[in-house]
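Accompanying notes for the structure given below.
One-based numbering, in listed order, for ligands and for the atoms of each. Given the structure is predicted, the values throughout are model-derived calculations rather than measurements. Computation of the quantities below employed the complete heavy-atom set of this structure, encompassing side-chain atoms and omitting hydrogens, waters and symmetry-equivalent molecules.
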Amino acid sequence: MKTLISEEQVREGVTRMAFEINQTYANRPLTIVGVLTGSVVLLADMIRQLTMPLRVGVVQASSYRGATSRGPLVINSDLMPDIANHDVLMVDDIFDTGHTMAELIQLMEKLGPTSVRTAVLLRKSGQQEVTIQPDFIGFDIPNEFVVGYGLDYQDEYRNLPFVGALEDEDLQRHASRTKRNHDSC
Ligand code: 5GP
Ligand code: MG
């Protein structure tokens, strides 16, 4: 695996984003909505650097089903806090085509928030298929499939403290393991 953003760089990026968010909202109460599961690491690190009165909730959105290409988006908002008349900041791991964020913003807007903004650790350059852009961005990255710091491949690697790009040999290792699992069933 190739390191794309080191642990120290990630830390600096998260601190910079938290600073910008603190400046934007000053002391206004804020409701953070983390997009499960990829945002959990960023969420934990970032909220501890936010200084306004804060509520934290989550929403689940998944479009990747074990592969590296997009499937249909499934949203589960059962765990979402009440956001009517609240300033909302949605937090996700990565902004790729942008469809996930665009659909989530549409869903939030229907619930009567005062405002909805978005923060992502990563934005993939040149991949966007929607007109919205995140309000707070940690890093712009090239169009590579990345893992670590919350991002997974087949549910692995979320615990890596850095962001890495999978290489062919990583993918081959996964492919042979999947085959072994099938063989032993
Ligand atoms: P979008 O809807 O913007 O195309 O995709 C957003 C979601 O796709 C992210 O929340 C993330 O779960 C997943 N995703 C997009 N690119 C990557 C990637 O390079 N690595 C991983 N692990 N997930 C990705
Ligand atoms: Mg995600």
- Looking only at non-hydrogen atoms, find the nearest pair between V10 and V163 and report the distance. CG2-CG2, 4.3 Å
- Note on the structure: Rounded to the nearest 0.5 Å, the CD1 atom of I141 sits from the CG atom of L122 at a distance of 4.5 Å
- Distance only, no hydrogens: is a donor on one side chain within 3.5 Å (strictly under) of an acceptor on the other, for R123 and Q133? yes
- Can you check whether G98 has an N/O within less than 3.5 Å of an N/O in ligand 1? yes
- Message: Below 3.5 Å, N or O to N or O, backbone or side chain included: is there any such pair between V146 and ligand 1?
- Response: yes
- For D45 and Y149, test the side chains for any donor-to-acceptor distance below 3.5 angstrom and give the result as yes or no. yes
- At a 4.0 Å threshold, what atoms of ligand 1 neighbour a non-hydrogen atom of K124? 16 (N), 17 (C), 18 (C), 19 (O)
- What do we get for D93 next to ligand 1 when only non-hydrogen atoms under 4.0 Å count, side chain, backbone, both or neither? side chain
- Could R16 and F139 be counted as a cation-pi pair, given that NZ or CZ must be under 6.0 Å from the ring centre and within 45° of the axis? yes
- For E144, atoms of ligand 1 separated by under 4.0 Å from a heavy atom: 19 (O)
- Which pair of heavy atoms, one from A165 and one from E144, lies closest together, and at what distance? CB-OE1, 3.5 Å
- Is Y153 in contact with ligand 1, taking contact as a heavy-atom separation below 4.0 Å? no
- Query: Looking at D92, which atoms of ligand 1 are within less than 4.0 Å of one of its heavy atoms?
  - Reply: 10 (O)
- Note on the structure: For D152, the ligand 1 atoms with a heavy-atom partner under 4.0 Å come out as 21 (C), 22 (N)
- Task: Check each of V35, T37, L36, T100 against atom 7 (C) of ligand 1 and report the one with the nearest heavy atom.
- Result: T100
- Task: Using distance alone, with no hydrogens and no angle criterion, decide if D87 and S115 have a side-chain donor and acceptor under 3.5 Å apart.
- Result: yes
